[in-house]
Visitor: 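Sharing a structure here in structure tokens format.
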Amino acid sequence: MQDLLRAKVVAEPGPASPATVAGLDVAYSADDDRLAAAVVVLDAADLTVRDTAVVRGKPAFRYVPGLFAFREVPALLDALDRLTVRPEVLVCDGHGLAHPRRFGLAAHLGVLTDLPSFGVGKTRLVGSWDPVGEPRGSRSALVDDGEPVGAVLRTQDRVKPVFVSVGHRIDLDTACALTLRLSPRYRLPETTRAADRVCRDLLS
DNA sequence: GCGACAG
DNA sequence: ATCTTGTCGC
């Protein structure tokens with residue numbers, strides 16, 4: 001299915017200055033099999049919240065590296081359906097093309113919604129990279145099987161870098177620039193932090 | 001056969 | 001993803 005959907009990924013420059021950006025995340029119950037999926041739309045100019053949608057659900061699939069999207073996509077699509085503000089970009093918690101078949105969660109959500117999307121991951125799934133400079137904004141190419149699949153990007157001085165990769169209808173430079181703009185103070189973009197907070201709250 | 005392995 | 005315990009820095 002990933003090999004088929006991958007053909008629908010569109011490579012284009014993408015919005016350099018979107019008015020709205022959405023963060024998506026899922027939280028899981030410790031004792032239950034319940035989950036909560038959240039989408040938070042922020043004003044890209046001042047990072048204030050423009051819209052929020054959260055849904056409760058069950059994991060659609062067990063966690064398998066490389067098949068992660070099948071677990072979270074159904075709940076995230078439910079949440080996206082409940083938005084009243086249509087975001088211009090999706091910032092996903094996971095990888096886009098930095099995936100064994102070049103079709104991670106961010107690419108999957110981008111294709112299904114046809115919205116520009118990219119992934120910001122906390123750890124690597126595939127690829128290797130040279131050491132990243134210590135200053136915020138430094139980056140190193142993430143390479144897998146000789147192909148550039150993303151960037152390892154430092155969002156704060158001397159803080160562990162994040163993994164940025166393209167999903168759909170956006171390019172890597174634009175995705176990295178947006179990630180930095182969305183991360184003025186912490187390692188992770190405010191989009192991800194806002195969504196994480198919201199779905200964690202609904203769960204507890 | 002032994003590691004690696006988004007969240 | 002979630003849990004635990006402690007440590008560091010503002």
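By convention in this document, chain letters (A, B, ...) are assigned in the order of the sequence lines, proteins followed by strands, and residues within each chain are numbered from 1.
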Visitor: Test your reading of the model: is there a side-chain donor-acceptor pair from Arg169(A) to the backbone of Gly110(A), 3.5 Å cut-off?
Guide: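 No: the side chain of Arg169(A) does not pair with the backbone of Gly110(A).
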Visitor: Can a salt bridge be assigned to the pair Arg102(A) and Asp144(A) using a cut-off of 4.0 Å between side-chain N and carboxylate O?
Guide: yes
Visitor: Assign a letter to each nucleotide of nucleotides 1-7 of chain B from its 5' end: B, base within under 4.0 Å of a protein heavy atom; S, sugar-phosphate only; -, no contact.
Guide: ---SBBB
Visitor: Report yes if the distance between the aromatic ring centroids of Phe68(A) and His95(A) is under 6.0 Å, otherwise no.
Guide: no
Visitor: Would you kindly give the CZ-to-P distance between Arg34(A) and dT2(C), to the nearest whole Å?
Guide: 12 Å
Visitor: Cation-pi between Arg34(A) and Tyr28(A): NZ/CZ under 6.0 Å from ring centre and within 45° of the ring axis?
Guide: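 Judged by the rule, Arg34(A) and Tyr28(A) form no cation-pi pair.
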Visitor: Under 6.0 Å from the NZ atom of Lys8(A), do we count more than 12 heavy atoms belonging to anything else shown?
Guide: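 12 or below, so no.
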Visitor: Would you please classify the geometry between the Phe70(A) ring and the His108(A) ring as parallel, tilted or perpendicular, with 30° and 60° separating the classes?
Guide: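 His108(A) vs Phe70(A) ring planes: perpendicular.
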Visitor: In whole angstrom, give the distance that lies between atom CZ of Phe70(A) and atom C1' of dA1(C).
Guide: 19 Å
Visitor: Check this for me: does any side-chain nitrogen of one of Lys58(A) and Asp33(A) sit under 4.0 Å from a carboxylate oxygen of the other?
Guide: yes
Visitor: Taking only Watson-Crick and G-U wobble pairs with both distances under 3.5 Å, what dot-bracket line describes DNA chain C, where [ ] shows pairs that cross earlier ones and | shows pairs with another strand?
Guide: ..........
Visitor: Evaluate the side-chain proximity of Pro15(A) to Pro116(A): yes if any heavy-atom separation is below 4.5 Å, no if none is.
Guide: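 Yes, side chains in contact.
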